[in-house]
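Structure first, commentary second.
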Amino acid sequence: MTDSTERYDLPTAAAWILGHARRTGIPALDASLRKKKAGECTPGELEEIVRAGVAAECRLYPFKTGTQTLARTRRTLGFLHSIAFETMLDVGSGRGVFLIPFMKEFPWVQVTSLDLLEKRVLFLNELADGGFSQLHAEQKDICDQPYPEDSFDVVTMLEVLEHIPEVEKAIDAAVRMARQYVVVTVPSKPDSNPEHIHLLTREILTGMFTAAGCTRLHFDGVEGHLFLVAAMGKPSGK
């Protein structure tokens with residue numbers, strides 16, 4: 001393996017590069033490669049694709065190897081491994097810090113991603129086109145209740161609620177759209193991030209989820225963050 005590619009998770013990086021190349025023409029790939037999904041490529045082809053991405057100065061930092069998985073991500077993945085589910089809505093997916101590890105561990109789960117930023121949605125849909133076919137990303141606002149009630153088994157909102165002005169609307173929408181669980185992480189203490197407009201304590205979140213009709217709440221602390229699992233308790237068959 002060459003120095004230019006050994007820094008990256010080749011299958012994941014190649015999936016994004018393939019999707020990006022099909023949308024933009026960058027990097028220029030052989031036609032036979034451009035038609036493939038990452039899972040259809042040989043190890044040599046994956047390396048060739050990633051080498052082309054490096055040469056074209058594509059932004060591959062989300063796919064670097066050796067990056068430690070955040071504790072709150074590990075905690076969320078651990079909980080999700082303890083339940084049975086088939087569909088998930090991930091709110092505010094960003095550049096996939098949680099979503100990419102999730103899809104690698106749960107390839108059978110159909111995932112819808114919401115983000116307000118067009119560039120994030122494009123990135124995730126390129127990733128989907130190149131290999132992560134279980135993913136579909138949309139540019140929508142959770143506060144607008146964009147999907148019908150009980151649309152997803154699980155709704156995840158990781159490091160999101162502290163950014164949302166109408167946080168009560170976001171929680172109400174998540175509770176309505178989730179059949180089984182809503183999973184939340186938020187900072188547990190003040191920080192210097194100017195985009196964090198709320199400090200959501202256990203007491204505040206309890207009040208908001210109770211107002212939304214959900215009282216089965218489990219809290220935990222994870223390295224400066226609050227981790228919450230809200231169980232819907234809806235009748236079976238809904």
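Residue numbers count from 1 along this sequence.
- For Tyr147, the ring pair (Phe, Tyr, Trp, His ring centres under 6.0 Å) partners are Phe152, not counting sequence neighbours.
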> For His163 and Ile197, what are the C-alpha separation, side-chain angles and deciding distance, and is it a side-chain contact (heavy atoms from CB on, under 4.5 Å)?
Replying inline: CA-CA 6 Å; His163 295 265; Ile197 59 177; 5.8 Å; no
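- Taking 4.5 Å as the limit, some side-chain heavy atom of Val121 sits within range of a side-chain heavy atom of Asn125.
- The nearest pair of heavy atoms linking Ala178 to Met232 is O-CG, 3.4 Å.
- Taken from CG in Leu18 to CZ in Arg23, the straight-line distance is 14.0 Å, to the nearest 0.5 Å.
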Show me, pair by pair, the donor-acceptor contacts under 3.5 angstrom made by side chains of residues 206-215, not counting sequence neighbours?
{"from": "Thr206", "atom 1": "OG1", "to": "Arg202", "atom 2": "O", "distance (Å)": "2.7"}
{"from": "Thr210", "atom 1": "OG1", "to": "Thr206", "atom 2": "O", "distance (Å)": "2.7"}

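- Taking every heavy atom of both residues into account, Pro27 and Ala52 meet most closely at CB-O, 3.5 Å.
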>> What verdict does the side-chain contact (heavy atoms from CB on, under 4.5 Å) test give for Met177 and Glu149, after you've listed the backbone C-alpha separation in whole Å, the side-chain angles of each residue and the deciding distance to 0.1 Å?
In response: CA-CA 4 Å; Met177 290 188 289; Glu149 186 172 355; over 6 Å; no
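- Here the shortest heavy-atom pairing between Cys41 and Ile49 reads SG-CD1, 3.8 Å.
- Note on Trp108 and Val154: same hydrophobic cluster, where clusters join Ile, Leu, Val, Met, Phe, Trp and Tyr whose side-chain heavy atoms are under 4.5 Å apart, directly or indirectly.
- Looking at Gln139, its side chain does come within 3.5 Å of a backbone N or O of Leu116 through a donor-acceptor pair.
- The shortest distance between side-chain heavy atoms of Asp9 and Lys104 falls below 4.5 Å.
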> Which is it for Met88 and Thr112 under the side-chain contact (heavy atoms from CB on, under 4.5 Å) test, yes or no, and what are the steps along the way?
Replying inline: CA-CA 6 Å; Met88 187 180 84; Thr112 300; over 6 Å; no
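- With 3.5 Å as the limit, one finds a donor-acceptor pair spanning the side chains of Arg179 and Thr87.
- By the criterion of side-chain heavy atoms lying less than 4.5 angstrom apart, applied directly or through intervening Ile, Leu, Val, Met, Phe, Trp or Tyr residues, Phe132 is grouped together with Leu60 in one hydrophobic cluster.
- The minimum heavy-atom distance linking Ala174 with Met157 is given by the pair CB-CE, 3.6 Å.
- Using a 4.5 Å cut-off between side-chain heavy atoms of Ile, Leu, Val, Met, Phe, Trp and Tyr, with links allowed through other members, Leu122 and Met103 fall into different hydrophobic clusters.
- Between Phe102 and Phe106, the ring planes lie parallel to each other; the angle is under 30°, not in the 30° to 60° tilted range.
- Side chain of Ser93 to backbone of Gly96: no donor-acceptor contact under 3.5 angstrom is found.
- No donor-acceptor distance shorter than 3.5 angstrom exists from the side chain of Glu48 to the backbone of Glu45, with no hydrogens or angles considered.
- Side-chain atoms of Thr65 come within 3.5 Å of backbone N or O of Arg7 as a donor-acceptor pair.
- Between Phe85 and Tyr181, the gap from one ring centroid to the other reaches at least 6.0 Å.
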Please list, one pair per line, the donor and acceptor atoms closer than 3.5 Å that link side chains of residues 222-229 to other protein atoms, with sequence neighbours excluded.
{"from": "His225", "atom 1": "ND1", "to": "Glu223", "atom 2": "O", "distance (Å)": "3.1"}
{"from": "His225", "atom 1": "NE2", "to": "Arg72", "atom 2": "NH1", "distance (Å)": "3.2"}
{"from": "His225", "atom 1": "NE2", "to": "Glu159", "atom 2": "OE1", "distance (Å)": "3.2"}

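- Residues meeting the side-chain hydrogen bond (donor to acceptor under 3.5 Å, both in side chains) test with Arg22, sequence neighbours left out: Asp129.
- Tracing side-chain contacts under 4.5 Å through hydrophobic residues (I, L, V, M, F, W, Y), one reaches Ile83 starting from Leu99; they form part of the same cluster.
- Side-chain contact between Val167 and Leu200: present, with at least one pair of heavy atoms (C-beta onward) separated by less than 4.5 Å.
- In the model, Asp90 has no side-chain atom that pairs as donor or acceptor with a side-chain atom of Ser113 under 3.5 Å.
- The ring pair (Phe, Tyr, Trp, His ring centres under 6.0 Å) search around Phe219 returns none, not counting sequence neighbours.
- Of the possible polar contacts, one joining the Arg34 side chain to the Leu29 backbone as a donor-acceptor pair under 3.5 Å is found.
- Between Pro146 and Lys140, the closest heavy-atom pair is CB-CD, 3.8 Å.
- If you take CD1 on Ile100 and CH2 on Trp16, they are separated by 10.5 Å, rounding to the nearest 0.5 Å.
- Separating the NE2 atom in His196 from the CG atom in Leu161 is a distance of 11.0 Å, to the nearest 0.5 Å.
- Other residues, nucleotides and ligands contribute more than 12 heavy atoms inside 6.0 Å of the CZ atom of Arg74.
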> Could you go step by step and tell me if Thr156 and Val91 meet the side-chain contact (heavy atoms from CB on, under 4.5 Å) rule?
Replying inline: CA-CA 6 Å; Thr156 51; Val91 180; over 6 Å; no
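- Under the 4.5 Å side-chain criterion, counting only non-hydrogen atoms from C-beta, Leu77 is in contact with Pro101.
- Interatomic distance, SG of Cys58 versus NE2 of His20, reported as 5.0 Å (0.5 Å rounding).
- More than 12 non-hydrogen atoms from other residues, nucleotides or ligands lie less than 6.0 angstrom from CD of Glu138.
- Both Ile204 and Ile171 are assigned to one and the same hydrophobic cluster, defined by single-linkage of ILVMFWY side chains at heavy-atom distances under 4.5 Å.
- Side-chain N/O atoms of Glu162 and His198 include no donor and acceptor closer than 3.5 Å.
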> Between Asp144 and Lys169, does a salt bridge (charged side-chain N to carboxylate O under 4.0 Å, His left out) hold up when you go through it step by step?
Replying inline: CA-CA 8 Å; Asp144 293 336; Lys169 280 190 176 181; over 6 Å; no
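- Connectivity analysis of hydrophobic side chains (ILVMFWY, heavy atoms under 4.5 Å, direct or indirect) links Leu70 to Val97.
- Gly92 and Asp115 get closest at one heavy-atom pair: C-OD2, 3.5 Å.
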